[in-house]
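Step one of this worksheet: look at the structure below.
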Protein chains: 2
Amino acid sequence: MIERTHLSIIREVDRLGTLTEAANALFLTQSALSHAIKKLEGQLGIKVWSKEGRNLRLTQAGEHILSLANRTLPQLEHTEHIIAQIAKGKRGSLRIGMECHPCYQWLLTVVSPYLEQWPDVDLDVKQRFQFGGLGALFSHDIDALVTPDPLFKKGLTYLPVFDYELVLVTHKDHPLANKSFIKPQDLSNETLITYPVETERLDIFSKFLALEQCSPHKHKVIETTDIMLQMVASKRGVSALPAWLVKEYSKALPIKGIKLGKHGIDKQIFIGLRETDIEIEYIQSFIDIASKLSVTK
Amino acid sequence: MIERTHLSIIREVDRLGTLTEAANALFLTQSALSHAIKKLEGQLGIKVWSKEGRNLRLTQAGEHILSLANRTLPQLEHTEHIIAQIAKGKRGSLRIGMECHPCYQWLLTVVSPYLEQWPDVDLDVKQRFQFGGLGALFSHDIDALVTPDPLFKKGLTYLPVFDYELVLVTHKDHPLANKSFIKPQDLSNETLITYPVETERLDIFSKFLALEQCSPHKHKVIETTDIMLQMVASKRGVSALPAWLVKEYSKALPIKGIKLGKHGIDKQIFIGLRETDIEIEYIQSFIDIASKLSVTK
DNA sequence: ACGATTCTATGAATTAAAATCATAAGTAAG
DNA sequence: CTTACTTATGATTTTAATTCATAGAATCGT
């Protein structure tokens with residue numbers, strides 16, 4: 001069996017020319033290398049070197065092993081280097097799952113300072129899950145789940161990172177835009193634009209319209225926040241989004257956010273983690289950065 | 001240090017699911033594998049697996065090592081397989097150097113039955129050498145040298161494989177074509193076509209014209225035998241080639257071979273080898289096939 | 001619910017392998 | 001032809017790997 005030591009020996013002898021020097025480089029004795037290769041030769045039934053004067057010349061078989069060494073040893077060393085970084089907590093992969101569409105805008109603001117601080121963390125964001133965000137966490141498809149519904153289960157922890165108010169967005173000249181707050185009935189003649197998700201998971205339905213068994217005149221779905229707000233700005237309908245997001249976009253678009261119900265709809269966003277991961281440094285750091293950035297909003 | 005055994009263990013556990021089964025597959029005890037990985041984990045400062053119920057799940061570091069295993073182990077196994085063939089004498093590389101231009105035609109007839117018998121031998125033919133054919137043999141750039149000049153040196157052996165007569169080739173209607181043999185003076189008004197080699201190494205000069213201090217009217221060089229004979233066939237000149245080669249081509253071209261001098265010029269071709277290689281089976285076989293095929297000519 | 005089963009983990013004892021030491025034997029250079 | 005430098009090798013010591021014998025933890029079946 002060709003072992004790593006054999007590869008190292010053959011590579012070093014090729015590099016330095018003699019067994020003796022290779023032995024020094026490997027912090028072993030010349031005798032050790034000689035014995036090691038002798039044994040390998042016995043096992044494989046070939047000679048690795050032939051002696052030429054007092055030099056060693058690789059045989060064909062030896063050349064094959066050298067080529068193997070040059071291909072293989074760098075790979076071994078590379079993974080060892082990566083693992084050393086993992087051990088120091090400086091490297092890892094952080095795959096974030098999103099169960100909350102508008103949170104994507106928020107996530108973007110968290111990501112860039114995070115990447116700067118943790119250059120060796122592979123960051124990935126996923127938005128579709130075969131067995132839901134929870135299943136994805138359990139099956140290690142993702143490492144963190146951004147969600148408004150902290151479904152507590154054994155082995156998982158949730159940490160609140162972000163509070164916001166859900167408001168109705170309309171064109172600033174829309175008849176509803178002057179009201180101090182919206183009632184469910186007010187939407188009966190409106191076109192409501194939402195993300196393409198089941199209505200049970202849309203707060204505007206489950207926490208607002210359903211209270212009075214109302215429904216909008218029409219329901220349109222749109223994938224992206226940008227286009228959604230463009231539609232609102234051109235009076236094609238109204239939508240429900242986080243207040244801070246509406247505030248942000250209202251600098252550029254003629255839109256306005258209005259409270260939903262007398263007391264408004266307050267939402268809280270959580271990050272869910274596997275309990276085994278909470279002590280990982282680069283994951284804790286992500287939670288820290290996420291919480292700090294969100295307080296200032 | 002990640003050793004081959006660690007890679008094997010991690011690969012087998014991934015394939016079979018449990019340490020116990022992996023241990024059976026590797027003809028070791030479950031305890032051995034557990035201890036081995038434990039030690040590795042200590043050295044690298046990471047966990048390879050985390051226990052999930054009574055199953056093991058690879059950590060990020062573990063995934064890195066598994067990926068390494070899947071890339072590296074097949075390469076190790078592949079070279080071991082090749083070396084096993086080398087050990088059985090069934091595989092090797094045979095790089096043949098040619099110091100004799102027309103011999104290339106002869107070599108082609110040897111090569112095809114040889115390749116059939118030794119499918120795992122890498123055959124290569126070289127015709128240019130930085131320090132001559134001899135130097136190429138010594139520096140292991142080639143393994144066999146086809147040459148008409150057996151320059152005996154310590155560490156080398158030569159074996160005769162092929163006898164032929166060097167003849168003058170002319171168009172069949174050429175004035176010289178009716179002579180029973182050619183004298184050096186006969187070429188004084190002819191255009192002589194040869195391979196592009198130093199004249200000292202051309203037998204037509206060193207072993208024929210030089211005897212009477214003659215030289216041809218003109219001297220042209222051409223790389224390939226085919227074109228050379230096309231030229232002769234279109235009366236652009238005469239050349240000197242092996243009789244068997246002329247005989248072969250005269251089926252298709254209007255050419256004729258004539259004896260050079262009263263007694264003709266007889267040549268012998270040798271294959272030179274390093275003495276250390278003469279017992280290698282696939283090299284002996286090459287000599288055998290070469291000799292046998294040449295006797296029938 | 002609980003015993004049987006099927007895993008992994010671990011400490012101590014055993015076995016095997018690797019490294020060293022001391023030295024021989026071969027080659028090259030002055 | 002002696003000196004310096006190389007690899008090879010047998011005996012000994014040191015180190016590492018493997019096993020054995022159990023314990024502990026999770027799952028399955030009744």
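Numbered from 1 within each chain, the chains take letters A, B, ... in sequence-line order. None of the values given here were measured: they were computed from a predicted structure.
Judged by distance alone, with hydrogens and angles left aside, the side-chain atoms of A/Ser285 form no donor-acceptor pair with the main-chain N or O of A/Glu281 at under 3.5 Å. With hydrogens and angles ignored, the 3.5 Å screen pairs a side-chain donor or acceptor of A/Arg274 with a backbone N or O of A/Leu137.
Whole-Å rounding puts the A/Leu33 CG to D/dT7 P distance at 9 Å. Taking atom CD1 of residue A/Ile37 and atom P of nucleotide C/dA18, one finds them 12 Å apart after rounding to whole Å.
With salt bridges taken as basic N to acidic carboxylate O contacts below 4.0 Å, none links A/Arg4 and B/Glu3. With respect to A/Glu200 and A/Lys207, no salt bridge is recorded, no charged nitrogen being found less than 4.0 Å from a carboxylate O. A/Lys38 and A/Glu41 are not joined by a salt bridge, as no carboxylate oxygen comes within less than 4.0 angstrom of a charged side-chain nitrogen. Between A/Lys126 and A/Asp141 there is no salt bridge, since no side-chain N of the basic residue sits under 4.0 Å from a carboxylate O of the acidic one.
Using a 4.0 Å cut-off, no side-chain N or O of B/Lys39 falls inside it from OP1 or OP2 of D/dA16.
Contacts between residues 8-31 of chain A and DNA chain C, defined by a heavy-atom separation under 4.0 Å, are made by A/Leu28, A/Thr29, A/Ser31. Within residues 43-67 of chain A, the residues having any heavy atom closer than 4.0 Å to DNA chain C are, in order of number, A/Gly53, A/Arg54.
The distance from atom CG of B/Leu19 to atom CG of B/Asn24, rounded to the nearest 0.5 Å, is 11.0 Å.
Shown here is B/Phe129, whose CZ atom has more than 12 heavy atoms of other residues, nucleotides or ligands within 6.0 Å.
Scanning atom types as modelled, one donor and one acceptor separated by under 3.5 angstrom connect the side chain of B/His35 and the base of D/dT19.
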